Amino acid sequence: MTETGWPLIPREVLPPPVPVAKRAAQRGVPGPPAGRQLSMFGAETTEPSPADLAGLLAGPGHLGRMGGTARVSVRVDAAWRVHVLVGELVARGLKATWEPIEEGVRPDDLAAAEEAIITPEHQPAEDRPGDTAPGDEPPAGESGDPGPADSVPDGDEPDSDEPDPAPPRPVFEVRTAYSRRLNALANAWPEASAQLFLSGPRLRLWVAAAGSPRPGGWVLGLDPGKDRHAVEAALVRAGLAGRVSEDGRRYLISGARRLRRLAELVGERPSAAPEEFWPGNVVA
């Protein structure tokens, strides 16, 4: 007996079933280990969604709003992270762009720094070079300029134990386009962080943006300006209990069981990610 209102469609009218495309195994690429059980909430068993960008907001990501749209941006420290994140965002139906930026310089920080600069015109008179009061000239040999006794012989350079300055680290900003697809996330944030559920796809984005190995563990980057207690509680609920660094910029996960849990949740390593920078290769 059929239910009322349920139309009966003849079998010959229905389209033929679509065969499932099987991915050919690539030579030289090891497959998943035999007997490996996929996590119920892992990235490999959950459909990607724009809501997964909550994983970026739990870490160093930032949310922007304009009119009836929203976007998410995050700064990363390696080119491979750009490739992985752009691919993940496109897979969620979002347009993504990126650009290189100067390390640690935001437009608002730069404006504040420019206001704090003391120009020679506004420099106090007592601090201006060359404005020494009469009678206060330093004796010969005590000034900053080397005198005859302080001169360095030709061909001999003073020894310097100071190491060469490290080259600046590359920094890139990855961001989505303003989209209505992110409105649900924008309307619920930051209140939703108090009950945040970090599924595998969300952690996968977080690891791709700010995850790195440490001796005996794994580190997730944080934004010290956010409520770290809510994020820490979400990680504990996900089975990834750890500790926050003193400066509030890193969350350290240690222990063999927790590291296996993290590797199960984030899924297989993207092709653009180095093996040593993806969970599953860290020994506790």
Side-chain angles (χ1 to χ4, degrees), residues 50 52-66 70-92 94-117 162-179 182 185-186 189-190 193 201-215 217-228 231 244-253 262 266 269-279 281-282:
D52 298 336
L53 273 68
L56 294 177
L57 298 180
H62 294 271
L63 181 66
R65 298 177 176 87
M66 184 177 67
R71 79 172 183 186
V72 174
S73 62
V74 63
R75 293 191 173 189
V76 299
D77 59 0
W80 71 264
R81 299 186 189 273
V82 176
H83 288 275
V84 174
L85 284 176
V86 169
E88 294 286 345
L89 295 175
V90 171
R92 288 160 174 78
L94 300 169
K95 294 181 180 180
T97 58
W98 67 275
E99 66 174 350
I101 59 175
E102 296 183 11
E103 182 183 11
V105 177
R106 287 183 175 271
D108 49 352
D109 296 338
L110 184 60
E114 290 177 350
E115 293 178 359
I117 294 176
E162 296 182 0
D164 295 335
R169 297 172 56 189
V171 179
F172 309 90
E173 183 171 82
V174 181
R175 53 180 175 265
T176 69
Y178 283 99
S179 173
L182 295 172
L185 178 62
W189 201 266
S193 62
R202 298 177 180 185
L203 282 167
R204 183 179 179 88
L205 293 179
W206 192 351
V207 168
S212 59
R214 288 294 184 273
W218 194 267
V219 166
L220 294 175
L222 298 173
D223 185 348
K226 299 178 183 178
D227 182 9
R228 69 181 188 182
V231 177
V244 181
S245 61
E246 295 181 358
D247 58 1
R249 296 183 179 274
R250 291 173 297 276
Y251 185 88
L252 176 62
I253 303 171
L262 177 63
V266 301
R269 174 181 63 88
S271 58
E275 292 186 3
E276 64 272 16
F277 277 91
W278 199 256
N281 297 299
V282 178

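As a basis for the values below, the full set of heavy atoms in this structure was taken, side chains included, without hydrogen atoms, waters or symmetry mates. The structure presented is a predicted model; accordingly, all values stated were derived computationally and were not measured.
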*Counterpart residues, side chain to side chain donor-acceptor pair (under 3.5 Å), relative to Ser271 (two or more places apart)*: none
_Using side-chain heavy atoms (C-beta onward) and a distance below 4.5 Å, is Glu88 in contact with Val174?_
no
_As an exercise, state the distance from CG of Leu262 to CG of Leu220, rounded to the nearest 0.5 Å._
6.5 Å
*With a cut-off of 6.0 Å (strictly less than), are more than 12 heavy atoms of other residues, nucleotides or ligands near CD of Glu246?*
no
*Output yes when a side-chain donor or acceptor of Arg71 lies under 3.5 Å from a complementary backbone atom of Leu182, and no otherwise.*
no
_Looking at every non-hydrogen atom in both residues, tell me the closest pair between Ala208 and Leu85 and how far apart they are._
CB-CD2, 3.9 Å
*In Å, rounded to the nearest 0.5 Å, how long is the span from CZ of Arg228 to CZ of Arg249?*
12.5 Å
*Who are the side chain to side chain donor-acceptor pair (under 3.5 Å) partners of Ser245, not counting sequence neighbours?*
Asp247
*Can you name the closest pair of heavy atoms from Pro213 and Phe277 and give their distance?*
CD-CD2, 3.7 Å
*Compare every heavy atom of Ala273 with every heavy atom of Val84, then report the nearest pair and how far apart it is.*
CG2-N, 4.2 Å
*asked:* On a heavy-atom basis, which atom in Pro60 and which in Trp206 lie closest, and how many Å separate them?
replied: CD-NE1, 4.0 Å
*Kindly say whether Ala186 contributes a backbone atom to a donor-acceptor pair with the side chain of Arg65 at under 3.5 angstrom?*
yes
_Among residues at least two apart in sequence or on other chains, which ones pass side chain to side chain donor-acceptor pair (under 3.5 Å) with Asp227?_
none
*asked:* Looking at Ala58, is its backbone amide N or carbonyl O close enough to the side chain of Lys226 to form a donor-acceptor pair, meaning the two atoms are under 3.5 Å apart?
replied: no
_Side-chain heavy-atom pair Leu57, Ser193 within 4.5 angstrom cut-off_ = no
*Do you know the tightest heavy-atom contact between Val266 and Pro279?*
CG2-CG, 4.0 Å
*Kindly indicate whether the side chain of Leu89, heavy atoms from C-beta on, has any atom under 4.5 Å from the side chain of Leu53.*
yes
*Glu173 CD to Trp98 CH2 distance, which is reported to the nearest 0.5 Å*: 12.0 Å
*Supply the atom-to-atom distance Tyr251 OH to Trp218 CH2, rounded to the nearest 0.5 angstrom.*
15.5 Å
*Looking at CZ of Arg214 and CD1 of Ile253, how far apart are the two atoms once the value is rounded to the nearest 0.5 Å?*
12.5 Å
*Which of parallel (below 30°), tilted (30 to 60°) and perpendicular (above 60°) describes Trp278 and Trp80?*
perpendicular
_Pro270 vs His83 side-chain heavy atoms within contact, under 4.5 Å_ = no
_Tell me the closest heavy-atom pair linking Asp52 and Pro201, and the distance in Å._
OD2-CB, 3.4 Å
*asked:* Using side-chain heavy atoms (C-beta onward) and a distance below 4.5 Å, is Val74 in contact with Arg81?
replied: no
_Could you tell me if the side chain of His62 sits less than 4.5 Å from the side chain of Arg75, heavy atoms only?_
no
*First locate atom CZ of Arg204, then atom CZ of Arg269, and finally report the distance between them rounded to the nearest 0.5 Å.*
10.5 Å
